[in-house]
Amino acid sequence: MLDINIIRGKMALASAGLKKRNIENADDLLNKLVALDDTRKRVQTILDEKLARTNALSKQIGELFKSGKRDEAEILRQESVDLKEEVSQLQDEQLKVLQNLEEELLQIPNIPHESVPLGKTPEDNEVVRKWGEFPVLASDNDLPHWDLAKKFGIFDLELGVKLTGAGFPVYTGKGAQLQRGLINFFLTQATNAGYKEVIPPLLVNETSARATGQLPDKEGQMYEMKEDPYFLIPTAEVPITNMFRGELVEEKDLPIRLTGYTPCFRREAGSYGAHVRGLNRLHQFDKIEIVQIAHPDKSYEVLEEMVAHVESLVKALELPYRVLRLCGGDLGFTSTLTYDIEVYSAAQKRWLEVSSISNFETYQTKRLMLRYKDVDGNRKLANTLNGSALALPRILAALIENNQEPDGIRMPKAIQSFVGFDKLS
RNA sequence: GGAGAAUUGGCAGAGUGGUCGAAUGCGGCGGUCUUGAAAACCGUUGUACUGUGAGGUACCGGGGGUUCGAAUCCCUCAUUCUCCGCCA
C-alpha cells in the first residue's frame with residue numbers, strides 16, 4: 001500500500017509513474033485520494049474538538065459531584081449526553097472515511113522506478129545482459145525434461161495425480177536426491193553470502209497474507225484451509241517478511257538478510273494450456289527465497305547485490321541465462337523495479353523464468369508497519385526486497401535437458417558434493 | 001479437548017470508577033562531581049494522528065458494552081503459564 005503522504009508530496013512523480021503502468025486516468029485517481037485524505041483530516045479535527053469538550057465536561061462533573069453541587073452537575077451531564085450522540089456519529093463517519101481511503105489506496109500499484117522501461121507486454125522487457133552459450137544437443141539426445149524424467153526415473157507426474165492431482169510431482173530416487181542437494185546448495189550459498197536461514201510455518205493467517213499483499217489482491221491464488229482461517233504459503237516471502245511486521249529495528253542493523261527454503265503452493269487458477277507441461281508450472285514446488293530489509297538510501301544497491309547473488313547461482317550450475325528488467329506493463333503490482341532471471345532450456349528451446357528479484361521500497365512496510373529508528377531517533381519506513389534464489393522445478397528442467405548424455409545426466413561440478421553423484425543414470 | 005491463573009510503558013511491577021499516559025525500581029539519554037571511569041546526586045525518558053504554534057485527540061492484549069466519566073465494571077476473542085486428557 002502506498003503512503004498517502006508520499007502521494008501528497010510527490011504528485012507529479014506518482015502520476016508519471018502510474019502512467020508508465022499504462023494507467024491512463026492516473027491523475028483522477030490521485031486527486032480522488034488526496035480529496036479523501038482531506039476529508040479524513042477534517043472529520044478528525046471536528047471529532048477531536050468534540051471529544052475535548054466531552055473530556056472537559058466529565059472532569060467538571062466529577063468535581064461538582066464531589067463538592068455536592070448535584071444540580072449544576074446534572075445540567076452538564078445533559079450536555080454531555082447530547083455531545084455523545086454527535087461523537088458517535090462522527091466516529092462512524094471517521095471509520096467510513098478511513099476504510100474508504102484504505103480501499104482506494106489498495107487499488108493503487110507501486111510507483112515504478114525511473115529505470116523501468118515503457119511497455120505493455122513481456123516482449124517489451126529490457127534484456128540487461130546475457131551469459132553462457134546455448135548447449136548444442138545431439139539429435140538423439142534432445143529430450144525434454146518430461147521424457148528424461150521417465151527415462152531416468154527422476155520424477156513422476158502421473159503418480160502425483162494419483163496421490164493429489166495435476167501439478168503435484170513425486171520426485172523419485174536420484175531425482176529426489178538431486179532436489180535435496182540443490183536445496184542444500186542454494187541455502188549454503190545464501191548463508192555464505194550473509195543471509196540468516198529460517199524455517200518458517202507453511203501456513204499463515206489472514207493478517208500475514210494481507211500485510212504482504214496476497215490478500216485481497218491475489219485472492220483465489222492461495223489454498224485456504226477449511227477448518228481454520230489459514231492459507232498455504234505461495235512463497236516464503238509471506239512468512240519471512242511478516243516476521244518483521246510491526247517491528248522497529250535499529251538503523252545500524254540494516255540491512256537484514258534472511259533466507260528460507262519452503263515448498264510453495266499456488267492454485268494457478270486459469271493458467272492452463274501451452275507451456276505448462278512437465279515442471280514448467282506446478283501447484284507445489286520448492287523454492288529458496290532471499291529477503292532483505294534495507295535502508296531507503298541503499299535499497300537499489302541491495303537490489304543489484306541480490307541479482308548478482310542469483311546470477312552466481314545459475315553460473316555455478318553452468319546454465320546459460322539472461323537478466324531482464326521488467327517493463328511497466330509486466331511489472332508486479334507491488335514492486336518498483338523487478339529483474340527476472342531466465343535460464344535457457346535446450347530441449348524446449350525456450351527461456352524459463354527461474355527468479356524474480358524486486359524492490360518494493362515502502363509499499364510493503366507501510367502495511368507491515370516495519371520501521372527503523374534513524375540517528376535522530378525518527379521512525380521511518382524501511383524498504384523491503386526479495387527474490388528467488390532459486391525456484392527448483394525449472395532449474396531442474398533446464399539442468400537435466402542441457403546436460404543429457406547417452407548414458408545419463410552430467411552434474412555440474414559445483415553441486416556434485418551436494419547431490420552425492422556426478423552423473424544421474 | 002477440559003479446568004484454573006494471568007496479560008499495564010524498553011524490562012520488572014503498583015494501580016478496583018474521576019485530577020492516571022499511568023506510582024516505584026531497573027535500563028536509556030543529558031548533566032554535576034572526577035585526571036579518566038565507576039559510584040553518588042540532579043534532570044530527562046512511550047507511540048500515533050492532528051495543528052504554523054500553544055495545544056488537542058487516541059492508545060494499559062484485541063474487539064464490543066455499561067457510565068457524564070473506564071487501566072479499573074460487564075461480554076467476547078486471542079495469547080501465555082499451571083494441572084488433566086490425547087499425541088509425533
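Computed over heavy atoms, backbone and side chain alike; hydrogens, waters and symmetry mates excluded. Predicted model, so just to flag it, every value in this text is computed and none were measured.
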Both distances below 3.5 Å, Watson-Crick or wobble geometry, any strand: find the nucleotide opposite B/U19. none

Could you go through nucleotides 53-56 of chain B and list every protein N or O atom that sits under 3.5 Å from one of its N or O atoms, giving the distance for each pair?
{"unit_1": "B/G56", "atom_1": "N2", "unit_2": "A/Asp48", "atom_2": "OD2", "d": "3.0"}

When rounded to the nearest Å, what value does the distance between C1' atoms of B/A12 and B/G28 take? 15 Å

Counterpart residues, salt bridge (charged side-chain N to carboxylate O under 4.0 Å, His left out), relative to A/Lys69 (two or more places apart): none

For B/U57, which nucleotide is its Watson-Crick or G-U wobble mate, given both distances must be under 3.5 Å? B/A48

May I ask which nucleotide in the shown strands pairs with B/C29, Watson-Crick or G-U wobble, both distances under 3.5 Å? B/G43

For B/U66, give its Watson-Crick or G-U wobble partner with both distances under 3.5 Å, or none. none

Looking at A/Leu182, A/Ile288, A/Leu313, which one forms a side chain to side chain contact (heavy atoms under 4.5 Å, CB included) with A/Leu390? A/Leu313

I need the CD1-C1' distance between A/Ile46 and B/C49, as an integer number of Å. 16 Å

What distance, rounded to whole Å, do you find between the two P atoms, one in B/G9 and one in B/A71? 14 Å

Measure the distance from CD on A/Gln94 to P on B/C49 and round it to the nearest whole Å. 14 Å

Could you state the atom-to-atom distance from CD of A/Gln91 to P of B/G63 in whole Å? 13 Å

What interatomic distance, in whole Å, is found between C1' of B/G21 and the corresponding atom of B/G36? 40 Å

Figure out the CG/C1' separation between A/Leu83 and B/U67, and round it to whole Å. 15 Å

Please report the closest heavy-atom contact between A/Phe168 and A/Gln284, naming both atoms and the distance. CD2-CB, 3.6 Å

Please work out whether the ring planes of A/His283 and A/Tyr223 are parallel, tilted or perpendicular, with thresholds of 30° and 60°. perpendicular

Rounded to whole Å, the CD1-P distance (A/Ile4 to B/U50) equals 11 Å

Tell me which nucleotide, if any, is Watson-Crick or G-U wobble paired with B/G4 when both distances must be under 3.5 Å. B/C81

Identify the nucleotide, in any strand shown, that forms a Watson-Crick or G-U wobble pair with B/U34, with both distances under 3.5 Å; if there is none, say none. none

A/Phe244 meets the ring pair (Phe, Tyr, Trp, His ring centres under 6.0 Å) criterion, sequence neighbours left out, with none

Indicate yes or no: at least one non-hydrogen side-chain atom of A/Asp407 is less than 4.5 angstrom from one of A/Ser425. no

Is the distance from OP1 or OP2 of B/A48 to the nearest side-chain N or O of A/Arg371 less than 4.0 Å? yes

Output the rounded distance in Å from NZ (A/Lys50) to P (B/A58). 15 Å

Hey, can you pull the residues of residues 239-249 of chain A with a non-hydrogen atom under 4.0 angstrom from RNA chain B? none

Would you sort out whether A/Arg8 and A/Asp38 count as a salt bridge (charged side-chain N to carboxylate O under 4.0 Å, His left out), showing the intermediate values? CA-CA 11 Å; A/Arg8 296 190 85 111; A/Asp38 287 340; 2.7 Å; yes

Salt bridge check, A/Arg53 against A/Glu79: does any charged N sit closer than 4.0 Å to a carboxylate O? yes

Do A/Ser345 and A/Glu401 have side-chain atoms, one donor and one acceptor, less than 3.5 Å apart? yes

In whole Å, measure the gap between the P atoms of B/A14 and B/U50 for me. 37 Å

Rounding to an integer number of Å, can you tell me how far A/Asp3 CG sits from B/A48 P? 13 Å

Checking base pairs now: Watson-Crick or wobble, both atom distances under 3.5 Å. What partners B/A88? none

Please give the distance between the C1' atoms of B/A3 and B/G56 as a whole number of Å. 48 Å

What's the CD-C1' distance between A/Glu250 and B/C29, to the nearest Å? 14 Å

Under the salt bridge (charged side-chain N to carboxylate O under 4.0 Å, His left out) test, residues paired with A/Lys19 that sit two or more places apart: A/Asp27

Would you call A/Glu289 and A/Lys287 a salt bridge, using N to O less than 4.0 angstrom? yes

Would you tell me whether A/Glu126 and A/Tyr339 have side-chain atoms, one donor and one acceptor, within less than 3.5 Å of each other? no

Answer with base, sugar-phosphate or nothing: what part of the nucleic acid does A/Arg40 contact at a heavy-atom distance below 4.0 Å? sugar-phosphate

By nearest heavy atom, map A/Asp37 and A/Glu63 onto RNA chain B; which one lands nearer the 5' end? A/Glu63

On a whole-Å scale, what distance lies between the P atoms belonging to B/G15 and B/U72? 15 Å

Can you say whether the rings of A/Phe185 and A/Phe418 are parallel (under 30°), tilted (30 to 60°) or perpendicular (over 60°)? perpendicular

Any protein N or O atoms within reach of nucleotides 68-71 of chain B? Criterion: under 3.5 Å, listing atom names and distances.
{"unit_1": "B/C68", "atom_1": "OP1", "unit_2": "A/Arg77", "atom_2": "NH1", "d": "2.3"}
{"unit_1": "B/C68", "atom_1": "O2'", "unit_2": "A/Ser58", "atom_2": "OG", "d": "3.4"}
{"unit_1": "B/C68", "atom_1": "O2'", "unit_2": "A/Ser80", "atom_2": "OG", "d": "2.3"}
{"unit_1": "B/G69", "atom_1": "O4'", "unit_2": "A/Ser58", "atom_2": "OG", "d": "3.2"}

